[in-house]
Amino acid sequence: MSNENNFETLSVEVSDVIYQNEANGYTVFEFETEDSLETATGIIPGLYVGEKIKISGQWSNHQTYGKQFKVLSFEKTVPSDSDAMLKYLASGAIKGIGPKTAERIMDRFGDDAFQILESSPELLSEIKGISKSRAREISVAFNSQFGIRNVMMFFSDYFGPSLTSKIYKRWGSASIDIVKSNPYVLCNEINGIGFEKADKVASSFGSPKDSAERIEAGILYALKQDSAASGNLYLPQEKLCAYSSKLLGVSPERIRECIESMIARKLLLAYDFEKMDFASNIDKAAIYLPLNYHIERSIADKLTLLSRFEAQNGFTDIEKIISDVEEIENIKYAPLQKNAIASALNNSVFVLTGGPGTGKTTIIRAIIKIYMNMGLKYVLAAPTGRAAKRMSESTSCEAKTIHRLLEFEYTENDEELSFTRDESNPLEADAVIIDEASMIDANLFFSLLRAIRPSTRLLLIGDSSQLPSVGSGNILKDVISSNVFKVGTLNEIFRQEDGSSIVLNAHSINNGKYPDFSNKTQDFFFMQRDSATKVASTISELYAKRLPLKYGEDITDNIQVLCPTKKSECGSINLNRLLQSIKNPPSSEKSQLKVRDFILREGDRVMQTKNNYDVTWSKIGFFGDSEEGVGVFNGDIGVVEKIDPIDEKITINFDGKTVVYDLHNLEEIEHAYAVTIHKSQGSEYPVVIIPVFSAMPLLMTRNLLYTAITRAQKMVIIVGSKEVVMRMVDNNTDSKRFTGLTKFLKAKV
């Protein structure tokens with residue numbers, strides 16, 4: 001045997017299959033060597049005792065199970081001699097064949113047995129105990145078993161075992177014929193296979209560049225990709241033609257032909273917003289994926305229904321109700337705040353918007369108090385875990401993520417998220433209160449509305465000047481822009497603790513005024529630097545020396561660098577590399593491993609980049625009691641506590657919650673010494689440093705700068721070019737998203 005961790009290839013015969021997951025093909029099996037019985041693990045679907053298989057991978061030493069061979073790739077071979085055939089047939093691999101029947105088949109047909117099973121099953125009926133119908137069933141089972149073998153071998157040049165298993169699960173033994181007929185069904189129907197991968201398969205088959213199948217798959221990909229990258233829910237016909245033409249390398253005229261054909265077959269929908277009807281001429285039409293059109297229309301329909309349905313438990317004498325809360329809470333609400341509270345009580349759908357320090361939380365607390373006094377049931381939620389946590393802390397009431405509120409679950413294959421709360425199982429609440437509503441994308445809002453009864457109040461709270469959601473849609477702004485629902489706008493600053501200028505500067509920027517660059521306060525600073533290199537160097541110096549020297553070493557744990565972009569010298573990727581070398585340099589006492597294009601090291605600050613509702617966590621309480629739960633959320637920041645390269649486990653502590661990741665989960669983890677401003681939405685940090693230098697004009701906008709500044713609790717430091725800051729303030733271009741919600745809502749009035 002080779003030394004541990006050396007990559008090698010072995011030809012083995014399967015002695016025993018210890019475990020096999022039918023859903024994903026993960027298998028644990030044993031094989032014999034000259035000296036011992038060994039164990040191997042990996043994704044090898046349809047594996048049975050007696051099979052001969054060539055496996056490639058590495059030896060490792062599992063902490064619990066000992067020495068194992070981890071299979072990274074494999075190649076099955078057909079049993080060719082009588083002994084191997086008998087062992088295979090007797091293993092139960094083929095439904096209808098047990099050990100005794102296997103012996104009879106081998107005694108009767110010898111080395112020709114597999115050929116008989118595959119192509120001449122009627123001859124099996126010559127064996128005592130096998131009828132003609134049973135012979136046919138055995139042949140079907142045999143061909144099915146060898147079908148997955150053929151599929152695995154056919155697609156081995158294109159995909160790994162996991163994706164190939166999905167292909168076989170979708171189409172079975174017909175997979176090869178179906179994909180040969182139209183390779184683009186791969187990207188349309190198999191989760192994890194995009195257009196580019198399918199296009200490579202098609203190219204290897206010699207499929208023509210201008211085939212209808214390729215162009216139609218490319219158009220669907222263009223719409224989905226644009227929705228994910230730019231947040232659009234549709235594209236104007238001319239933009240879709242131009243985008244698809246560039247992507248596919250075919251003429252816009254040919255693209256248009258295919259779009260018209262797809263519309264005729266309901267694969268796409270064309271909508272005319274001038275006529276508010278489906279388009280007869282696609283020249284000026286909005287081209288929708290059918291699901292996106294359904295989502296926007298359904299949101300408009302449900303919001304309109306909620307607003308028109310008289311809420312149960314209506315309030316009378318609202319002035320007295322507010323006065324009573326003022327007395328209980330020992331507070332005096334400002335006129336705008338009183339109006340907002342009254343509107344929230346009077347309207348079934350109400351939107352509350354305002355910048356930092358304008359009293360949104362104060363109003364939420366007041367409304368909650370009123371609901372409690374009236375015996376009404378309310379639920380609090382926010383789009384992300386960090387936003388929900390902040391909502392809980394500020395209201396002293398439980399707030400959940402919207403996903404948890406809707407009681408998420410996964411489909412059978414653990415690939416698609418669904419919710420148990422919907423029209424047939426609605427939320428049991430008199431009011432649903434949603435914070436950070438600017439972060440809600442169209443898909444999530446659609447799911448939320450499905451679970452709200454017509455008699456339930458809906459209160460949306462957020463800052464409409466913040467960046468829009470990472471996902472598609474622009475829900476908060478679209479709802480406000482429709483002028484259909486009552487909107488309370490707070491613009492008076494109430495929170496201005498200790499003369500803080502963070503809030504003042506944030507509002508100035510939001511109103512198109514430049515911040516005070518000569519500010520000498522203790523919480524808002526600007527540092528002029530005339531090159532990207534100097535910006536990065538200054539941030540490193542602040543992190544390593546200047547701030548710790550002035551405020552103590554512990555301050556680095558409270559610093560968050562927020563970048564307009566990932567790339568460039570001032571982007572999060574480069575700054576993470578620099579700051580890791582300062583905060584957590586290499587050490588012989590710390591384990592590390594390479595993850596994608598960066599080194600992950602014990603002690604690193606990291607961020608979860610996707611909601612993961614399946615991962616489990618544990619937490620030790622103040623009195624030593626333990627708590628367990630599930631779920632780590634997009635934007636959660638933690639520290640790597642332990643890396644075990646042998647057991648392939650990584651332990652990360654998220655604010656006291658300990659999570660153990662497998663290596664494949666690390667796709668969801670990235671360094672968090674510096675993060676993009678988009679990723680900071682819904683979060684707050686004690687100290688924020690913002691690098692501001694040249695970048696794409698599309699990124700350098702007023703609301704991006706405003707969002708970054710409003711993430712800070714105690715201190716903001718802007719490092720970079722004064723001219724670029726001024727250009728950002730001047731650039732009030734709201735990144736246009738192609739959405740139809742505002743128009744659909746107005747049409748309902």
Side-chain angles (χ1 to χ4, degrees), residues 24 70 160 162 192 228 383-389 401 403 408 410 414-415 417 439 470-471 543 556-563 565-567 571-587 590-619 628-683 685 711:
N24 60 23
K70 294 193 175 295
S162 181
T384 68
R386 292 182 72 86
K389 182 180 178 182
T401 64
H403 286 80
F408 67 89
Y410 284 95
D414 289 338
E415 291 178 2
L417 193 68
M439 299 174 65
V470 175
Y543 206 93
T556 56
D557 293 330
N558 295 318
I559 297 172
Q560 185 60 62
V561 179
L562 300 182
C563 307
T565 181
K566 275 191 169 186
K567 298 179 180 179
S572 60
I573 294 174
N574 184 55
L575 287 175
N576 268 317
R577 181 180 58 81
L578 292 175
L579 298 178
Q580 182 196 34
S581 67
I582 294 168
K583 176 70 174 175
N584 192 31
S587 168
K590 295 181 179 180
S591 294
Q592 64 181 42
L593 56 83
K594 192 174 190 301
V595 178
R596 301 189 301 280
D597 56 353
F598 65 91
I599 298 296
L600 191 66
R601 186 174 297 129
E602 289 176 347
D604 272 343
R605 191 179 192 197
V606 294
M607 173 181 279
Q608 176 81 17
T609 61
K610 292 181 181 179
N611 288 337
N612 186 331
Y613 300 92
D614 205 31
V615 69
T616 59
W617 53 260
S618 60
K619 184 176 183 179
E628 292 186 350
V630 295
V632 183
F633 306 103
N634 185 7
D636 282 357
I637 289 179
V639 175
V640 178
E641 289 189 337
K642 183 180 180 182
I643 295 175
D644 187 342
I646 301 299
D647 205 25
E648 297 184 342
K649 302 289 185 183
I650 295 91
T651 304
I652 301 177
N653 188 312
F654 292 97
D655 195 22
K657 296 179 179 178
T658 300
V659 180
V660 179
Y661 287 81
D662 292 321
L663 284 180
H664 70 271
N665 289 127
L666 293 184
E667 289 296 322
E668 304 171 355
I669 296 295
E670 61 183 34
H671 277 141
Y673 301 102
V675 301
T676 62
I677 297 169
H678 280 87
K679 279 292 184 186
S680 73
Q681 287 177 270
S683 302
Y685 314 96
R711 299 306 89 203

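The residues of the chain are indexed from 1 along the displayed sequence. Given the structure is predicted, the values throughout are model-derived calculations rather than measurements.
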Result for side chain to side chain donor-acceptor pair (under 3.5 Å) between Tyr661 and one of Gln608, Lys649, Glu668 points to Gln608
Non-hydrogen atoms of Lys567 and Thr565 that approach each other most closely
O-CG2, 3.1 Å
Can a salt bridge be assigned to the pair Lys566 and Glu670 using a cut-off of 4.0 Å between side-chain N and carboxylate O?
yes
Student check: side-chain heavy atoms of Val640 and Thr651 closer than 4.5 Å:
no
Roughly how far, to the nearest 0.5 Å, is CD of Glu602 from NZ of Lys590?
8.5 Å
d(Thr384 OG1, Met439 CE) to nearest 0.5 Å is 4.0 Å
Search all heavy atoms of Arg596 against all heavy atoms of Ile669 and return the closest pair with its distance.
NH2-O, 2.7 Å
Non-hydrogen atoms of Gly571 and Cys563 that approach each other most closely:
C-SG, 3.9 Å
Work out which heavy atom in Asn576 is nearest to a heavy atom in Tyr673; give both atom names and the distance.
OD1-N, 2.9 Å
CG of Leu593 to CD1 of Ile650: how many Å apart, nearest 0.5 Å?
5.5 Å
Going by heavy atoms in the side chains, are Pro586 and Arg601 under 4.5 Å from each other?
yes
Once ring pair (Phe, Tyr, Trp, His ring centres under 6.0 Å) is applied, do any residues pair with His403, and if so which ones, sequence neighbours excluded?
Phe419, Tyr613
The criterion is side-chain hydrogen bond (donor to acceptor under 3.5 Å, both in side chains); which residues satisfy it with Gln580, sequence neighbours excluded?
Asp604, His671
I need the Arg386 CZ to Ser680 OG distance, nearest 0.5 Å.
10.0 Å
Which atom pair, heavy atoms only, marks the closest approach of Arg711 to Ser683?
NH1-O, 2.9 Å
Residue among Leu579, Leu575, Asn574 satisfying side chain to side chain contact (heavy atoms under 4.5 Å, CB included) with Arg577
Asn574
From CD1 (Ile637) to CZ (Arg605), nearest 0.5 Å
4.5 Å
When you compare the side chain of Phe408 with that of Thr401, does any pair of heavy atoms fall below 4.5 Å?
no
Met607 side, atom CE; Ile652 side, atom CD1 - distance, nearest 0.5 Å:
12.5 Å
Residue pair Val470 / Gln681: nearest heavy atoms and the distance that separates them
CG2-OE1, 3.9 Å
Any non-hydrogen side-chain atom of Glu641 less than 4.5 Å from a side-chain atom of Val660?
no
Between Glu628 and Thr616, is a side chain to side chain contact (heavy atoms under 4.5 Å, CB included) present by the stated rule, with each step listed?
CA-CA 7 Å; Glu628 292 186 350; Thr616 59; over 6 Å; no
